Number of protein chains: 4
Amino acid sequence: MKEDSEKEQRILDTAAELFSRQPFHKVLLSDVARAAAVGKGTLYLYFKSKDDLYFAVLFREFSSLIDSMRSFLDETELGPDGQLAGVVRILAEHFYARAFNMELLGFVVTCPVTDEWKQLRADLWSLFEGIIRSGIEQGLFRDEDPALTARYISGLVRAVCLFAPGAAGLDEVCRHASEFVLRGLGKKQ
Amino acid sequence: MKEDSEKEQRILDTAAELFSRQPFHKVLLSDVARAAAVGKGTLYLYFKSKDDLYFAVLFREFSSLIDSMRSFLDETELGPDGQLAGVVRILAEHFYARAFNMELLGFVVTCPVTDEWKQLRADLWSLFEGIIRSGIEQGLFRDEDPALTARYISGLVRAVCLFAPGAAGLDEVCRHASEFVLRGLGKKQ
Amino acid sequence: MKEDSEKEQRILDTAAELFSRQPFHKVLLSDVARAAAVGKGTLYLYFKSKDDLYFAVLFREFSSLIDSMRSFLDETELGPDGQLAGVVRILAEHFYARAFNMELLGFVVTCPVTDEWKQLRADLWSLFEGIIRSGIEQGLFRDEDPALTARYISGLVRAVCLFAPGAAGLDEVCRHASEFVLRGLGKKQ
Amino acid sequence: MKEDSEKEQRILDTAAELFSRQPFHKVLLSDVARAAAVGKGTLYLYFKSKDDLYFAVLFREFSSLIDSMRSFLDETELGPDGQLAGVVRILAEHFYARAFNMELLGFVVTCPVTDEWKQLRADLWSLFEGIIRSGIEQGLFRDEDPALTARYISGLVRAVCLFAPGAAGLDEVCRHASEFVLRGLGKKQ
DNA sequence: TATGAATGAGAATTCATTCAT
DNA sequence: TATGAATGAATTCTCATTCAT
């Protein structure tokens, strides 16, 4: 079905761009095709349907986000507090890089949630949760319900990236958000 | 042209219900009409288009949310910490009451943001910001950027309501989230 | 069914005005009602349907045109040539007075032609035909087929009124058209 | 977007046929599509809207009429009188061939008159006017206002074709109308 | 008689999907 | 593989007509 992965990636890039700017029903497949410089029929060589394309985009974006975080955590020498600040930073960078990613963490409220999708979300949260738990073990954090807190973080970062007052730069926002979260986790300062 | 505001409200209620369960393009105006027990043409007596209806729904929900908060703040005797816990609770209740409301605070990513809409959002945030600032004045909170923090709160509550692990009840979630926020604001405990 | 003939006339006037400016399907009954300052339902007290209203308008305009001509012919002392010039003038005045009348004599090609309507048309033509025949009898005109010629006249006047080059005034047009017709009828000059 | 001009022509043919038998609002695009044996969506591949299709039909018919006349005039050896009889004949044939064409010269009363359309009308008239003027130069006709007379002719032919008494055949009508016009132009006989 | 909100059948238009090339 | 013209089911929107007041 696919071979020319370069073309598939171009379609995904284009679709990601368009889906990030308009709601699902305003994005026409003919727009996607034109912007990706492929024929409309070609889309169907790579994706079963419009829904399929949409989820492929979400999936790819989400996966790459999680991969970035995993790489960071694998390589860093920082403690849980530095790790948390780091993943907040990565999250924020993703949001800034493509408005679309903002949809990733919750927008698609009303869409059917596939198992694949649930898995990804769970991966993200358990990643946060892991950091929190290791912070607790080290006596750095305290939190009665790390699973819940893990869910706060993405929503918090999403909100502030979406709506940050114009003046606030990425650095400023990340620093402030990290401190807020760390204090929220009871980090002694 | 109209007069029967009761009918308009029924349409809005119905539409809110349907839009909360399906994405925009899956909600048919004929469904709305049938569910609201009015003729299809009647919808157009009250709303210019499907988009118009959609925004009217969003707007009403958001307005009612803000009104609830304002009433609460007007009547309560609580200090800033109690106020914050209160508005978190109200936010969470709205999200639980109708999944749809979850779109409220994030939806507008891809949609044309009107001035009316911006105003509502600004109202919500300044409401949070006001509480934070009075907490700071009273030496209860510390926060370098209350405007930024105000933006966290709704995103945080939204995320946790959307994704709270099944077991977590509303009370539990609210208590935990409030404490997290209050700690994040440096409240001495 | 009707009593308040003043209101009926107002509706007819208004409808005539609107039908003269737009094709049938662009004229909405709500426009007619508003412009006539009556309720939409009121239209149905006086006319069975939109079609009915349309034909009532055509009928009234046409009848008044024929009446004008008949009055003129009854009162004039002129010979057939003066009579012809006179009815051309009346025709042209009607066309100028209300663009709508231009539809009268043929526009409604594709509409169902009722018997009433056919009768009116026949009346108009026989009126022209009568003048021509009396001219022939008096040795003033010659024409192998007065019935055919009668049909020319209204079309000719209609065309020139519709499309007269901007500069041409009513007087000029009438004089020229009459002379053309009279010459066409072989009037010695 | 298109290429298959054959299909476009088939749609135009079909639409011309249907528009010639019913008023605009009675012609459904689904009828057009079915009769032209194309999908409903295909219509929109070639024409922006129903209005657009309608004007395309009018335009094509009118253009072909003028082309016929031009060809005739280019090839004929006849003098101005024969030329006039010839174009009258062509006009009448067009009207007979398709009732629809009858709208051509009058329809535009109530419709937005585009420049393209004005140009066509002007072309038709200047064609008549040219014949008349050359007749005048040759001492065959006399006419104080050939521009006005040019406008009579189409209206005259249209009227008689529309309303010719049943018995009158095309030949008969053309001969009679031509003679009438020629006499109107003062042709010595 | 008069009204105009309500209606819903009916129309125009759109767009995901197919398929012949 | 790649295309984009063709499709028609699906959807939004319109508007003549009705009817409760």
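Values in this document were obtained by computation on a predicted structure and should not be read as measured data. Chain naming here is simple, since letters A, B, ... match the order of the sequence lines and numbering starts at 1 in each.
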A.B. asks: Does D/S30 or B/G41 map to a spot on DNA chain E nearer the 5' end, using the closest nucleotide for each?
C.D. replies: B/G41

A.B. asks: Enter the distance from C/Y44:OH to C/L53:CG here, rounded to the nearest 0.5 Å.
C.D. replies: 9.0 Å

A.B. asks: Of all the choices, E/dA5, F/dA6, E/dA2, which nucleotide is nearest to the side chain of B/Y46 once you look at every atom?
C.D. replies: E/dA5

A.B. asks: Check every strand shown and say whether D/S49 touches a base, only sugar-phosphate, or nothing at a heavy-atom separation below 4.0 Å.
C.D. replies: sugar-phosphate

A.B. asks: At 4.0 Å (heavy atoms only), tell me whether B/V27 reaches a base, stays on the sugar-phosphate, or touches nothing.
C.D. replies: sugar-phosphate

A.B. asks: Between B/L29 (CG) and E/dA9 (P), how many Å, whole number?
C.D. replies: 16 Å

A.B. asks: Between D/A37 and B/D51, who's closer to the 5' end of DNA chain F by nearest nucleotide?
C.D. replies: D/A37

A.B. asks: Atom CD of D/E6 and atom P of F/dA6: how far apart are they, to the nearest Å?
C.D. replies: 10 Å

A.B. asks: Partner of E/dG10 by Watson-Crick or G-U wobble geometry, both contacts under 3.5 Å, or none?
C.D. replies: F/dC13

A.B. asks: If you assign B/T42 and A/K40 each to the DNA chain E nucleotide with the nearest heavy atom, which residue ends up on the more 5' nucleotide?
C.D. replies: B/T42

A.B. asks: Compare side-chain N and O positions of D/K7 against OP1 and OP2 of F/dA5 and report whether any pair is under 4.0 Å apart.
C.D. replies: no

A.B. asks: Would you indicate which nucleotide in F/dC15, F/dT3, F/dT7 comes nearest to any side-chain atom of A/V38?
C.D. replies: F/dT3

A.B. asks: What's the CD-C1' distance between C/Q22 and F/dC15, to the nearest Å?
C.D. replies: 14 Å

A.B. asks: On DNA chain F, nearest-nucleotide positions of D/L43 versus B/K48: which is more 5'?
C.D. replies: D/L43

A.B. asks: Using Watson-Crick or G-U wobble geometry with both distances below 3.5 Å, tell me the partner of E/dA5, or none.
C.D. replies: F/dT18

A.B. asks: Salt bridge check, A/R60 against A/D13: does any charged N sit closer than 4.0 Å to a carboxylate O?
C.D. replies: yes

A.B. asks: What is the distance, to the nearest angstrom, from the CG atom on D/L53 to the P atom on E/dT13?
C.D. replies: 10 Å

A.B. asks: Whole Å only: how far is the NZ atom of D/K50 from the P atom of F/dT14?
C.D. replies: 15 Å

A.B. asks: Send over the distance from B/H25 NE2 to F/dT12 P, rounded to a whole Å.
C.D. replies: 11 Å

A.B. asks: Roughly, in whole Å, what's the span from CZ in B/R34 to P in E/dA9?
C.D. replies: 12 Å

A.B. asks: What nucleotide, of E/dT14, E/dT7, F/dT7, holds the atom closest to the side chain of D/Y44?
C.D. replies: E/dT14

A.B. asks: Would you call B/K40 and B/D31 a salt bridge, taking side-chain N to carboxylate O under 4.0 Å as the test?
C.D. replies: no

A.B. asks: Rounded to the nearest angstrom, tell me the gap between atom CZ in B/F47 and atom P in F/dT12.
C.D. replies: 15 Å

A.B. asks: Report yes or no: does C/K50 contribute a side-chain atom to a donor-acceptor pair with the main-chain N or O of C/F24 at less than 3.5 Å?
C.D. replies: yes

A.B. asks: Would you compute the distance between atom CZ of D/F19 and atom CG of D/L12 and round it to the nearest 0.5 angstrom?
C.D. replies: 10.5 Å

